[in-house]
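It should be emphasised that the depicted structure is a prediction, and the values quoted were computed from it without experimental measurement.
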Amino acid sequence: MRLVEIDEHAGQRIDNYLLRELAGVPRSRVYRMLRKGEVRINGQRVGPDHRLVKGDKVRVPPWHGAARDPGQAAPGLIAHLTACILYEDAGIIVLNKPAGIAVHGGSGVNLGVVEALRQRSGDERLELAHRIDRDTSGILVLARRRSALIELHAAFRDGQVRKTYDAIVHGRWARNKRSVQAPLERVLAGGGERRVRVSNAAGKAARTDFELKQATTDFSWIRAFPHTGRTHQIRVHCKAAGHPIVGDDKYAGDERVSAVRALGVRRLCLHAAALAVQVGGVAHRFTAEPPADFVDAWRALV
């Protein structure tokens, strides 16, 4: 058992800190450590979204399992991700992540975007400023400097980041359906899989605004503007509105997923299209048009 006093990692979530501190420990094990109280901060249990404060004393449990070796990223993957970079400077890298590539290794994935780009640059300091789902495409921001990471984490935490998503959903979205405000709770499904559900009793406040772009009788292309950053927020809010996202194997249901696959749609139709944030005193707005497979999915459905 180790007792670590927090200094430069202040502002980071405890789950992210542990995943880096206990390199190679499966994500499921890290979250189990938190649930069982094996990890303590100043002697107290905390949840995975707890933010570290300078001077906190973190009790880190020992780990005796085999460390996960991320392995060497294939040159083709590194080249592909490099070609997806939209912007980079001394503090950040911004890329248009393809669907199907995880942002980090874990849960059966040896490596993801951050590990591959660390190998590209040889910079182990490179960290994710936020996350998007493996099957979601679009804007992803990574920090090259600790100062940039802290600033970005604070911006996301304080609602200072403006995000826009494109999504294709089942059914005809009503033009007057402009917002969903439903509290969300993370739960463990069968096999330890993490999912999210609407829960007025135990959920955390969440709001997503929506705008209809195009619609047929059976499908709609919408834009989503999340005001909060809950896990799977847009996916669950779309389902709660009666319009699950096309290709969503967690929330749309097997029958719907099978039906769109028969039409040639093989991806989750959710794309992070724009992100606006201030870093180092500079206001940035990054945009990425929906990729070809997203547009092809729409054409196949209509």
Side-chain angles (χ1 to χ4, degrees), residues 8-13 15-17 19-20 49 51-52 73 77-78 80-106 109 111-167 208 223-235 268 270-291 294:
E8 64 173 3
H9 295 285
Q12 192 170 24
R13 283 173 48 135
D15 56 350
N16 295 335
Y17 171 78
L19 287 165
R20 184 65 184 269
D49 56 355
R51 298 275 176 180
L52 295 169
L77 174 61
I78 294 175
H80 184 37
L81 292 175
T82 299
C84 293
I85 292 175
L86 301 172
Y87 174 85
E88 58 181 321
D89 60 23
I92 61 173
I93 296 177
V94 181
L95 73 154
N96 180 10
K97 185 190 81 68
I101 300 178
V103 297
H104 56 69
V109 178
L111 55 80
V113 171
V114 68
E115 291 89 0
L117 291 183
R118 282 174 185 160
Q119 292 178 21
R120 163 188 176 257
S121 61
D123 186 357
E124 285 298 315
R125 296 175 300 174
L126 190 65
E127 295 281 1
L128 294 164
H130 64 119
R131 290 174 170 77
I132 58 176
D133 294 335
R134 176 179 181 175
D135 295 323
T136 301
S137 56
I139 303 291
L140 180 70
V141 183
L142 299 93
R144 280 177 154 157
R145 291 178 172 173
R146 184 68 193 164
S147 57
L149 184 65
I150 292 172
E151 186 177 3
L152 285 162
H153 279 170
F156 278 97
R157 182 176 66 249
D158 298 339
Q160 300 302 310
V161 181
R162 297 289 175 261
K163 294 176 285 184
T164 303
Y165 286 77
D166 280 282
T208 310
R223 284 222 148 159
F225 308 91
H227 288 254
T228 45
R230 309 301 181 200
T231 301
H232 295 174
Q233 176 174 319
I234 297 172
R235 296 166 69 174
L268 172 71
L270 182 62
H271 174 73
L275 185 148
V277 66
Q278 182 167 302
V279 187
V282 178
H284 296 279
R285 187 175 191 274
F286 306 107
T287 61
E289 291 297 319
F294 186 102

Reported [atom1]-to-[atom2] distance for the pair [X] and [Y], which is rounded to 0.5 angstrom:
X	Y	atom1	atom2	result
R235	D133	CZ	CG	4.5 Å
E88	L117	CD	CG	9.0 Å
L77	T82	CG	OG1	9.0 Å
R125	R118	CZ	CZ	12.0 Å
I101	T136	CD1	OG1	13.0 Å
T287	I139	OG1	CD1	6.5 Å

I'd like to know if the side chain of [X] reaches the main chain of [Y], judged simply by a donor and an acceptor atom lying under 3.5 Å from each other, with no hydrogens or angles considered.
X	Y	answer
K97	R134	yes
E115	A73	no
R144	D89	yes

What is the minimum heavy-atom distance between [X] and [Y], and which atoms define it?
X	Y	value
H130	F156	CG-CZ, 3.5 Å
A274	R285	CB-NH2, 3.6 Å
H271	S137	ND1-OG, 2.8 Å
A224	T208	CB-CG2, 4.0 Å
Q233	P226	NE2-CB, 3.6 Å
N96	E289	ND2-O, 4.4 Å

Within a strict 4.5 Å, meaning less than it, do heavy atoms of the [X] and [Y] side chains meet?
X	Y	answer
C84	P98	yes
R51	Q12	no
V277	V141	no

Is it the case that more than 12 heavy atoms not belonging to R157 sit under 6.0 Å from its CZ atom?
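Counting other residues, nucleotides and ligands, CZ of R157 exceeds 12 neighbours.
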
Step through the shown structure and confirm whether more than 12 heavy atoms of other residues, nucleotides or ligands are within 6.0 Å of CZ on R145.
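Not buried by this count: 12 neighbours or fewer within 6.0 Å.
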
Geometric class of the F286/Y87 ring pair [parallel <30°, tilted 30-60°, perpendicular >60°]
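Judged by the thresholds at 30° and 60°, the geometry between Y87 and F286 is tilted.
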
Test log, rule side-chain contact (heavy atoms from CB on, under 4.5 Å), inputs R120 and I93
CA-CA 12 Å; R120 163 188 176 257; I93 296 177; 4.1 Å; yes

Using side chain to side chain contact (heavy atoms under 4.5 Å, CB included) as the criterion, point out the one residue from L275, L86, I132 that pairs with L140.
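Testing L140 for a side chain to side chain contact (heavy atoms under 4.5 Å, CB included) against L275, L86, I132 leaves exactly one candidate, I132.
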
Could you verify whether a donor N or O on one side chain and an acceptor N or O on the other, from R131 and H104, lie under 3.5 Å apart?
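Present: a donor and an acceptor within the cut-off.
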
Would L142 and V103 count as a side-chain contact (heavy atoms from CB on, under 4.5 Å) here? Give the steps.
CA-CA 10 Å; L142 299 93; V103 297; over 6 Å; no

